[in-house]
Amino acid sequence: MLADAWIIAAKDLRIEWRSRVAFNQLAPFALVVLVLFAFALDSQQTVLAEATPGLLWITILLALVLCVQRTFVTEGAPGLADQLRLSGLDPAGIFLGKTLGVFVQLVALEILTFVGAAILYSTEFGSVGLMICTAVAASVGLAASGSLYGALLLGVRGRETLLPLLLLPVVAPVLIGATSAFQAALGTGDVTLDQAWRWVGLLTAFAVAYLLAGVFAFGPLLEDT
Amino acid sequence: MRRVVHLRDAVCVLGRFPALAGATLQVDAGEIVLLQGPNGAGKSTLLRLCAGLLPLQSGEAEVLDCDLSTDPRAVRRRVALLGHGVGLYEELTVADNVAFWTAATKTDRGEIDAAIARVGLAGRLAHVEVARLSAGQRRRAALAVLLTRHAEVWLLDEPHAGLDAQGRDLVDHLVATAADAGVTVLVASHDLDRATALADRVATIDGGVVAALGDGARPRRSREELSSAG
């Protein structure tokens, strides 16, 4: 299963490396969203500072939708679903591979977004360890849920509009948890470090739940494609 | 002689439409069987059923001794399907695609270059993204993937489509060579002159059933030859 996951992830990252879609489109998109937020709240610097954790994670969620759409568009080419089923690859491995590919792209985007926030919003990051743990746990959950819903909508007409409609409400707990944890890390809210780590626990539980759901559900989803 | 494909009164329903409505067909190892018939007759459905990609509604269906009514997945690794869609990643090069499918099917990576060369895409074309290739070149790339699978059964749906004369000759050569090596081939084609010359037998599909069975123009080999090949 893990070997199959690596085969799929390596392929997805190779596709990204060759097409540069994340680099050329997703990264500028994330930065443009940050800039627009800065324009909208420019006159209220205090509000901008306090809203920064939420703005960061909303930006990541919007980028996630595009990233998942992009990842599953490549699987929608004629004949690919059949060949995947004929290959004998473990469906759970395919799911984990897709998740790993999205995770790597998300982490790269997050680094860029956080750096962008530091420059545009003059954000000062306090607890780097908390931030890294939050970002990793949240990204695993986002990548797993995104991959599950991306597969669910593979072959469905109008999936481009359906994906955000279905996925964004599902990942709302990640937005809440990651924002709260980041408030503690950035010192912008009244969330204590102790509470922040409990939010990280919730993010981890979300990630594990979606990883397990994907491992068990991906096979039937692939069969229905 | 080894029976590779056994269909008896096989029914396959797509949505509410019975795409196969009681097809009966037996194919032995090393045989090349042409499936001919009008559009919508059920040729592609029959091929996909044999690949274990469609559920059998009723009747009997066995491929390589795998019962498709109970476990259609068991046969998948052992067959190769060349369908209407080439099944390639457009952003990857030909070499990347063949390497990926070789890794996915756990076959010998050492054969990648040889397979690409056999379909005439060696050199610069091997390193061109599939999205930039012509329809015929994509078909050749899909054939390279098919070659690396070492499948026991080839299921070819319009393999000549989009190919120039040289490409069609290549398909015929690959199919004949594979059959000589014991591979069983079911080929659906509208290019009847060419495909009939290639086939041992011709099955006419109409209305989801095998309406007629006849001989192809390929010189029939003795049963001993077929047995040793299989």
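Chain A is the first sequence line, chain B the second, and so forth, proteins listed ahead of strands; every chain is numbered from 1. Quick caveat, the model's predicted, so the values are computed rather than measured.
- Of the listed residues (G88(A), P78(A), S87(A)), the greatest number of heavy-atom pairs within a distance under 4.5 Å of chain B belongs to S87(A).
- Here the shortest heavy-atom pairing between L86(A) and R149(B) reads O-NH2, 3.0 Å.
- No donor-acceptor distance shorter than 3.5 angstrom exists from the side chain of R18(A) to the backbone of E91(B), with no hydrogens or angles considered.
- More than 12 non-hydrogen atoms from other residues, nucleotides or ligands lie less than 6.0 angstrom from CZ of F125(A).
- With a 4.5 Å cut-off on non-hydrogen atoms, S19(A) touches chain B through its side chain but not through its backbone.
- Counting heavy-atom pairs closer than 4.5 Å to chain A, the top residue among V86(B), L81(B), V145(B), T107(B) is L81(B).
- I15(A) approaches Y89(B) most closely through the heavy-atom pair CD1-CD2, 3.7 Å.
- Atoms CZ and CG, from R14(A) and D96(B) in turn, are 4.5 Å apart once rounded to the nearest 0.5 Å.
- The shortest distance between side-chain heavy atoms of D4(A) and K106(B) falls below 4.5 Å.
- Atom CG of residue L89(A) and atom OG1 of residue T105(B) lie 8.0 Å apart, to the nearest 0.5 angstrom.
- I7(A) places none of its side-chain heavy atoms less than 4.5 Å from the side chain of W101(B).
- For the pair R85(A) (side chain) and L53(B) (backbone), a donor-acceptor distance under 3.5 Å is present.
- When heavy atoms are compared at a cutoff of 4.5 Å, R78(B) does not approach chain A at all.
- Here R76(B) does not pair with D82(A) in a salt bridge; the nearest charged N to carboxylate O distance is not below 4.0 Å.
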